[in-house]
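These notes concern the structure reproduced below.
Numbering of ligands and ligand atoms starts at 1, following listing order.
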Amino acid sequence: MKISDAQVIITSPGRNFVTLMVTTDDGVTGLGDATVNGRELAVASYLRDHVAPLLIGRDPHRIEDTWQYLYKGAYWRRGPVTMAAIAAVDMALWDIKGKVAGLPVYQLLGGASRDGVLVYCHASGSDIPELFDSVERHLELGYRAVRIQSAVPGLGKIYGAGPGVSSGRYEPAGRGAAPSEETWDTGAYLRHIPGVFEKVRERFGPDLPLLHDAHHRLTPIQAARLGRDLEPYDLFWLEDVTPAEDQEALRLVRQHTTTPLAIGEVFNSIFDCERLIRERLIDYIRVAAVHAGGITHLKRIFALAELYGVKSGSHGPTDVSPVTMAAATHLDLAIPNFGIQEHMRHEPLVDEVFPHAYRFDDGYLHPGDEPGLGVRIDTERAARYPYEPAYLPVNRLADGTVHDW
Ligand code: CS2
Ligand code: MG
């Protein structure tokens, strides 16, 4: 069996997705996600111009060898563009292997270690009543763990929460020729958030697992203070407190708080989190299959994490396609150290372009039992939604300084 074709499909059913479709000479197809939010065309070019020609004629079953060939063979290693391109090939080859074997990918990964994959949803509001409504709506849908984001008085719209953001569907941040800009004030944020959690605990009780995302906006000592201030509200995790490239920052945070820490959605490789895991500076590693080299590389990261008692918490926002959600769910079901899976619901239009076997039921995802990853792409529908430039917002302080987020 040989790879005979590799096509890049760009579609924008409400937001942009880059998908690789690999076809074998037997007519088996596999899909991989290559979407890097706001930088989509760079990965499309990497795949089209530099990777697809190398795939033709290769044995699709040699997944590990192909991964090493693309990673070591390029000489230029790591980074979101390279690793998303490798991830797309990797997912497509796992999909093909599953289809040829007649087995869902989780069976190839060792079989199910649990009955379903616990997920958390996003609740947010511009004030407490709006936030409570958002939590209630998600509980009615069956969610058993909720991420809480809130607007901050005195600040305008901030990413993930704010006026006009009531349902948790805050993506895409802006479609147009340039990113929108937001104004940030760490002091106002640190003064406001603990009170929000106090009210959420009062209203929803002590048992509901609650999460919060600080979007890389704090210094280590500010993050330590937030972790400490949130201890009474017993968070499941506090996410991305400091800029992710500074692994050392989390040591300081760790020394001051018992609030569990999660990080990793912008990591691309095991080298980005090796120290965090080995030195037990985090509790959850949040890598995404698309941004960190696919199923093959996530398996490696999660296996390292298992040795040190660190659990998985894969990134699953609406800017990763259903192909990544499927890859994550197969892995989540199989690995021993699964923690939780992020689940932001895609718009119905996205699910129409990418019909999928994974399903949400009573707070859990299951990847389904279709051979392979269990996701298709309706290419005719996909072609109706051409690429549109779209960016994540840029964050500035009141004096105009560009700030982390
Ligand atoms: C967020 C993401 O889901 C999350 O935890 O941090 O929405 C993130 O901002 C986007 O994926 C960026 O593309
Ligand atoms: Mg996040």
Under 6.0 Å between ring centres, would you say that holds for [X] and [Y]?
| X | Y | answer |
| --- | --- | --- |
| Phe267 | His291 | no |
| Trp405 | His216 | no |
| Phe302 | Phe338 | no |
| Tyr120 | His343 | no |

Item to check | Trp405-ligand 1 polar pair, N/O distance under 3.5 Å | outcome: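 No, no N or O pair falls under 3.5 Å.
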
Item to check | Test of proximity, Tyr120 against ligand 1: N or O pairs below 3.5 Å | outcome: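 No: no nitrogen or oxygen of Tyr120 is under 3.5 Å from one in ligand 1.
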
Next on the checklist: Applying a heavy-atom cut-off of 4.0 Å, say which part of Arg147 lies close to ligand 1: side chain, backbone, both or neither.
Outcome noted: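 The part of Arg147 near ligand 1 is the side chain, not the backbone.
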
Next on the checklist: Residue-level breakdown please: for Val320 versus ligand 1, do any non-hydrogen atoms fall below 4.0 Å on the side chain, on the backbone, on both, or on neither?
Outcome noted: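 Within the 4.0 Å criterion, Val320 makes no contact with ligand 1.
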
Next on the checklist: Tell me whether ligand 1 is touched by Met344 - counting only heavy atoms on the residue side and a distance under 4.0 Å.
Outcome noted: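 Met344 does not count as a contact of ligand 1 under the 4.0 Å cut-off.
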
Item to check | For Asn37, the ligand 1 atoms whose distance to one of its heavy atoms is below 4.0 Å | outcome: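 Those atoms are 12 (C), 13 (O).
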
Item to check | Atoms in ligand 1 flagged as close to Asp213, the criterion being non-hydrogen separation under 4.0 Å | outcome: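 In order of number, 1 (C), 4 (C), 5 (O), 6 (O).
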
Item to check | Winner among Gln149, Arg15, His215 once heavy atoms are compared against atom 1 (C) of ligand 1 | outcome: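 That would be His215.
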
Can you find a side-chain donor-acceptor pair between [X] and [Y] that sits under 3.5 Å?
| X | Y | value |
| --- | --- | --- |
| Glu231 | Thr257 | yes |
| Asp49 | Ser45 | yes |
| His356 | Asp351 | yes |

Checklist entry - Does Asp240 bring an N, O or S atom to under 2.8 Å of the Mg ion (ligand 2)? => result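 So Asp240 does not bind the Mg ion (ligand 2) by this criterion.
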
Of all N, O or S atoms in [X], identify the one at the shortest distance from the Mg ion (ligand 2).
| X | value |
| --- | --- |
| Glu239 | OE2 |
| Asp213 | OD2 |
| Glu265 | OE1 |

Item to check | N/O donor-acceptor pair under 3.5 Å between Arg201 side chain and Leu208 backbone | outcome: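 Checking the backbone N and O of Leu208 against the side chain of Arg201, a donor-acceptor pair under 3.5 Å is found.
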
